[in-house]
Amino acid sequence: LLLLEFVAEDGQRPDPQKGRDALMDQTLSVEVTHLDRSDYSEGIFDPVWGVDGEWIAYCRSDQRHGSSVLLMHLPTKAKHLVCDSSFRNCDPCFSPDGAYLTFVSTRHFAPSCDDVNEELTFAMGAELPYLVLLKKGALNPFQRVPQSPADANEEEDGGEDGEDMGDDEDEDDDGTEPPPPQMEIDLEGIGER
């Protein structure tokens with residue numbers, strides 16, 4: 001896994017928290033940093049950036065028929081195992097708010113009878129996505145939160161006192177986009193969540 005960074009002549013790096021156009025008016029050079037490697041043929045694949053630009057999730061082949069999912073904190077270059085290589089894992093993705101990490105895994109063991117060879121065959125298909133809570137106390141998005149009927153009626157009516165429920169949070173008053181949310185990840189016990 002290589003990281004290519006654009007660096008200004010004075011050594012200053014663009015900050016993703018300051019917007020997309022940071023340092024666009026300066027001459028930039030490219031710095032290459034080696035972050036991780038794998039000894040297997042599939043190597044490292046499916047890297048994805050976190051919403052704040054400080055985290056990367058990726059898959060690494062750690063054995064012949066399995067791959068693990070890892071998180072890397074870029075400022076410290078620290079790697080954290082999310083899911084081991086007991087199965088073939090792929091396609092990690094952060095949620096837009098940075099609260100969850102999803103990935104696809106081939107964990108379904110369902111042999112089927114082959115009509116041609118008259119033997120069992122084992123398909124390597126992935127049926128379900130998996131979700132990791134990045135914060136220990138985060139709510140499971142698949143569980144419904146108990147809600148009273150009065151609260152449900154309020155949401156349908158558009159909030160209390162006829163409030164406008166429009167999405168005006170996408171841009172600041174000066175027309176620029178707000179910075180992405182800072183991701184908070186509880187790394188202790190993340191593999192068991």
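Note that this is a predicted model, so its numbers are computed, not measured. Just the heavy atoms: all of them, side chains too, but no hydrogens, waters or symmetry mates, feed the values below.
Residues satisfying the side chain to side chain donor-acceptor pair (under 3.5 Å) criterion with Tyr58, sequence neighbours excluded, are Asp36.
Judged purely by distance below 3.5 Å, without hydrogens or angles, the side chains of Asp62 and Ser68 pair a donor atom with an acceptor atom.
For Arg60 and Tyr40, the positive end is not near the middle of the six-membered ring at less than 6.0 Å and at most 45° from its axis.
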Before giving the answer on salt bridge (charged side-chain N to carboxylate O under 4.0 Å, His left out), spell out for Arg88 and Glu42 the whole-Å C-alpha distance, their side-chain angles and the decisive distance to 0.1 Å. CA-CA 11 Å; Arg88 169 102 168 91; Glu42 287 189 23; 3.4 Å; yes
Kindly determine whether Tyr130 and Arg107 satisfy side chain to side chain contact (heavy atoms under 4.5 Å, CB included), including the steps that lead there. CA-CA 10 Å; Tyr130 291 84; Arg107 299 180 183 208; 3.3 Å; yes
I'd like to know whether Ser105 forms a side chain to side chain donor-acceptor pair (under 3.5 Å) with Asn89, so could you lay out the CA-CA distance, the side-chain angles of the two residues, the decisive distance to 0.1 Å, and finally the verdict. CA-CA 4 Å; Ser105 185; Asn89 303 303; 2.6 Å; yes
Show your reasoning for whether side chain to side chain contact (heavy atoms under 4.5 Å, CB included) applies to Ile190 and Leu71. CA-CA 10 Å; Ile190 195 166; Leu71 281 172; 3.9 Å; yes
Assess the residue pair Leu3 and Leu1 against the criterion (side chain to side chain contact (heavy atoms under 4.5 Å, CB included)); give the C-alpha distance rounded to whole Å, side-chain angles, the decisive distance to 0.1 Å, and a yes or no. CA-CA 7 Å; Leu3 174 66; Leu1 181 63; over 6 Å; no
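Leu74 and Leu2 fall into different hydrophobic clusters, where Ile, Leu, Val, Met, Phe, Trp and Tyr side chains are chained together by heavy-atom contacts under 4.5 Å. Cluster annotation: Ile56 is connected to Leu81 through the hydrophobic network of ILVMFWY side chains, with a link wherever side-chain heavy atoms come within less than 4.5 Å. A single hydrophobic cluster is seen to contain both Phe103 and Met183, as judged by linkage of ILVMFWY side chains at heavy-atom distances under 4.5 Å, directly or through other members. Residues Ile44 and Val69 do not share a hydrophobic cluster, defined by chaining ILVMFWY side chains whose heavy atoms lie under 4.5 Å apart.
Among Leu101, Leu187, Leu70, the one residue that satisfies the side chain to side chain contact (heavy atoms under 4.5 Å, CB included) test with Val82 is Leu101.
By the 30° and 60° cut-offs, the orientation of the rings of His80 relative to Trp55 is tilted.
Other residues sharing the hydrophobic cluster of Tyr100, ordered by chain and number and joined by side-chain separations under 4.5 Å: Leu131, Leu133, Phe142.
Rounding to the nearest 0.5 angstrom, the gap separating the CD atom in Gln63 from the NE2 atom in His65 is 8.5 Å. Rounded to the nearest 0.5 angstrom, Thr102 OG1 and Phe94 CZ are separated by 9.5 Å. How far SG of Cys113 is from CD of Glu119: 9.5 Å, rounded to the nearest 0.5 Å.
Not one N or O on the side chain of Asp186 forms a donor-acceptor pair closer than 3.5 Å with the backbone of Lys135.
The two residues Phe45 and Cys90 come nearest to each other via the heavy atoms CE1-CB, 4.0 Å.
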